[in-house]
Student: 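Quick one: this structure, given as structure tokens, is what I'll be asking you about.
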Amino acid sequence: MVRRRQFLIATGSTIGSAIVLPQAAWSAWRTIAAPAAWPPAATTLPLGTMPDLAQNKGKAVSPEDPDTGDCSSAPGPRTLLIYDPAFALACRVATHARRNGGFALALENDAGALWYRSILPFLEQDAHVPRRDGAALAQRPGGVQGHGNTDALEQAITITGLTPHAAFFVLSTLAITAGMRISNSRSAGDRHLLAWHLEFRADSPIRPPENPRMNSPMSA
Amino acid sequence: MRSAPLPPHVTQAAFDAALAAFRIALGDAAVVTSTDGLAAYLDPFAPGDASQYSASAALMPSSVDEIRAVLVTANRYRIALWTVSTGRNFAYGGASPRIAGSVVLDLKRMNRILEVDETLAYALVEPGVSYFDLYQHLLDQHSALWLDPPAAGWGSVVGNTLERGFGTTPYGDHAAMQCGMEVVLANGDVVRTGMGAMRNSTSWQVFKAGFGPSYDSMFMQSNFGIVTKLGIWLMPRPAGYRLCHFKFRHDSDLAAIIDTLRPLRLDDTIQSQAVVEHAIRWAAGVSTRRQWYDGAGAMPDTAIDAMASALGIGRWNLRFGLYGPEELVAARYRVIERAFARIPDAQLHAGDYVNATTTPSGGGDGNQVGIPSMAAFQLLNWRGGSGAHVDLSPICPPTGRDALAQYQLVRARATEYGFDYYGGFTAGPRHMHHIFAAIFDRDNAAQSQAARSLLDVLVEQLGAAGYGQYRTHLAYMDLAASQYDFNDHALMRLSETIKGALDPQGILSPGKQGIGGARFEG
């Protein structure tokens, strides 16, 4: 069976080929992931609690590892970048992100698996990390109760992406269930590549739904 | 200013009073009325205007008692409730109600895995449990059981089973693997089916029938009650497996494939649901259309052949798994190989026999060994833009003649409307369901409208030829139901009679599968 990634490599679509940064696409992405929208860079992520991300940090994402130039528009450390390595632009942005201390996760064939295996556990762990005001973001169980703490909201992680539409659809649908909203999405200069940004809603508990727990069937 | 519609035949004052009662019962945060909040209940793949199926509000109960409290108010004000488990039945309507203005009863907060029995191989779950959730739980428990995921692993186990979804392992007929359920009726009564009707039952999830009439299937694809717990049989992990991919070069091979496959499914030589996929369906999982053809209209045969050749796939591709001890798998494979080798130019490929704890590398393959994925959603990238799809699901007798007739009809109409044939057949022992997806860019109004019209025509023409749908998008429920017309629609009269007896106010999911919607429309 031919996998998507293998196929793209085999046909020389983007991976490993000479990379020319499409300026229009880069501009589109910069607009969405504008640094002004990011939380303070001084806020750090709990490195010890997210091995998958930590392992990826700083890794070259493209065999070319192109010169990334001005890094001012790369995602900040409170932004998780999801990128499709089949697109040269996405690889370059991921490189920017990692060089700026950010975290980038490569999309493979299955955005759903990426969500459940990596993103959701990360959001759950991050929601329990104490913030500047000493409180954890996750205040209440249940997944529907808002808290109205705007300071906590500013510290909440955001997710930005450079992916095709299918991955955006899957990830944004799952993120909405977890209390996030789509703050922006637009074409990244390619018919098949979207730049998008997700953030927690003001009325969200800033906490993804708990994983199901075992309970007695008679207790309901 | 509210932009959402009111529930049908309910005044603003009555609706406000009902919402106030819902908030008392569930808490403010579990009653959704904001435009932003309700946007999540719009069908993202609606062929045409999604607001045609918009909700007036959404409720998120977390328990059976909260559902009962909702029912008291809904009955009092005659508010139509549209029940969803997680609302991700995309291509068939998602979380949207059939009747605009219905209040969505969203059960995703009822997400407990109540029991997994390793000895008797079953699980008892609530509606908010997804296949990913159950899979993760089985992993956490080091379980020796497999679940059978449908194509979209984020779906609800309860929801998919009630909609009669299918997967690709030997447990792929989900409705057939269901055993015992708990149902809240419109009057608030809580019923447990089968052996669960005994207060101290020891066998709720092991024997379906119980004593006397059996009602479980009455609550599938229906609006007779709200299912709050459901038992599902899980597959004991086999010793090992072998995944097979047979490739057939010619478009005309379809009939021979089906006629060869049928006896092997009937006698259980092939144990799993077997999938016969067209080249375009396969290609849409690994590539985009413009890499092969970027012209207007449906992709021509020459381009399909070139694409299939470049990808190393067939015009038709048969996928199935063999499970069990190595000796048995090898024996089964020899019989199967001998049968399909008779089809000219067939290429018969099979992976090595591996231990069942081995994880296949691809999402689609993972489904065949109990691992949920979302890889099927790659199809959204096929045409570019904001990809969406609406699906056609006729039942097909497992004969080459019928399969060819359906394929030719569907492909011809799809071509007329400018759509590629993205389709395939999933073969059980005694039937096949033929799935065709009309893929469109939802930001392109012309494409969206064409998809809607195409499906209308296809449901119509397939029905005229004696092929009924087994599930449809909201837009075609009435049409599909109207085709089940023996004895002047006696089946619908029966359904409406049951509906009237169990839900005299008609508040539960009006319009579901064409039942009970008339009083709320017009």
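Chain letters run A, B, ... following the sequence lines, proteins first and then strands; every chain starts at 1.
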Student: When rounded to the nearest 0.5 angstrom, what distance separates OH in Tyr135(B) from OH in Tyr116(A)?
Tutor: 13.5 Å

Student: Could I get the full list of side-chain contact (heavy atoms from CB on, under 4.5 Å) partners for Ala25(B), not counting sequence neighbours?
Tutor: Ala69(B)

Student: Side chain from CB out, backbone as N, CA, C, O: work out which of these in Arg289(B) comes under 4.5 Å of a heavy atom of chain A, or both, or neither.
Tutor: neither

Student: Considering only heavy atoms and a distance below 4.5 Å, find which of Ser62(B), Pro44(B), Gly384(B) pairs most often with chain A.
Tutor: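 Ranked by heavy-atom pairs under 4.5 Å with chain A, first place is Gly384(B).
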
Student: Please round to the nearest 0.5 Å and tell me the distance separating atom CZ of Arg117(A) and atom CD of Gln136(B).
Tutor: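 Atom-to-atom, Arg117(A):CZ and Gln136(B):CD are 8.5 Å apart.
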
Student: Measure from the side-chain N and O atoms of Asn381(B) to the backbone N and O of Pro164(A), and report whether any donor-acceptor pair falls under 3.5 Å.
Tutor: no

Student: What residue in Gly87(B), Gly27(B), Gly385(B) has the most heavy-atom pairs under 4.5 Å with chain A?
Tutor: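 Maximum pair count with chain A is reached by Gly385(B).
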
Student: Excluding sequence neighbours, so at least two apart, what forms side-chain contact (heavy atoms from CB on, under 4.5 Å) with Leu380(B)?
Tutor: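 In terms of side-chain contact (heavy atoms from CB on, under 4.5 Å), with neighbours along the sequence ignored, Leu380(B) is linked to His165(A), Ala166(A), Phe169(A), Phe45(B), Phe377(B), His389(B).
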
Student: Search all heavy atoms of His192(A) against all heavy atoms of Arg383(B) and return the closest pair with its distance.
Tutor: CE1-C, 4.3 Å

Student: How far does OG1 of Thr177(A) sit from CZ of Arg88(B), to the nearest 0.5 angstrom?
Tutor: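 One finds 4.0 Å between OG1 of Thr177(A) and CZ of Arg88(B).
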
Student: With rounding to the nearest 0.5 angstrom, report the OG to CG distance, Ser130(B) to Leu174(A).
Tutor: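 Ser130(B) atom OG to Leu174(A) atom CG measures 8.5 Å (nearest 0.5 Å).
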
Student: With respect to chain B, which residue among Ile176(A), Thr173(A), Leu114(A) yields the maximal number of heavy-atom pairs within a distance under 4.5 Å?
Tutor: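 Between Ile176(A), Thr173(A), Leu114(A), the count favours Thr173(A).
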
Student: Given heavy-atom pairs under 4.5 angstrom as the criterion, report whether the side chain, backbone, both or neither of Ser386(B) touches chain A.
Tutor: both

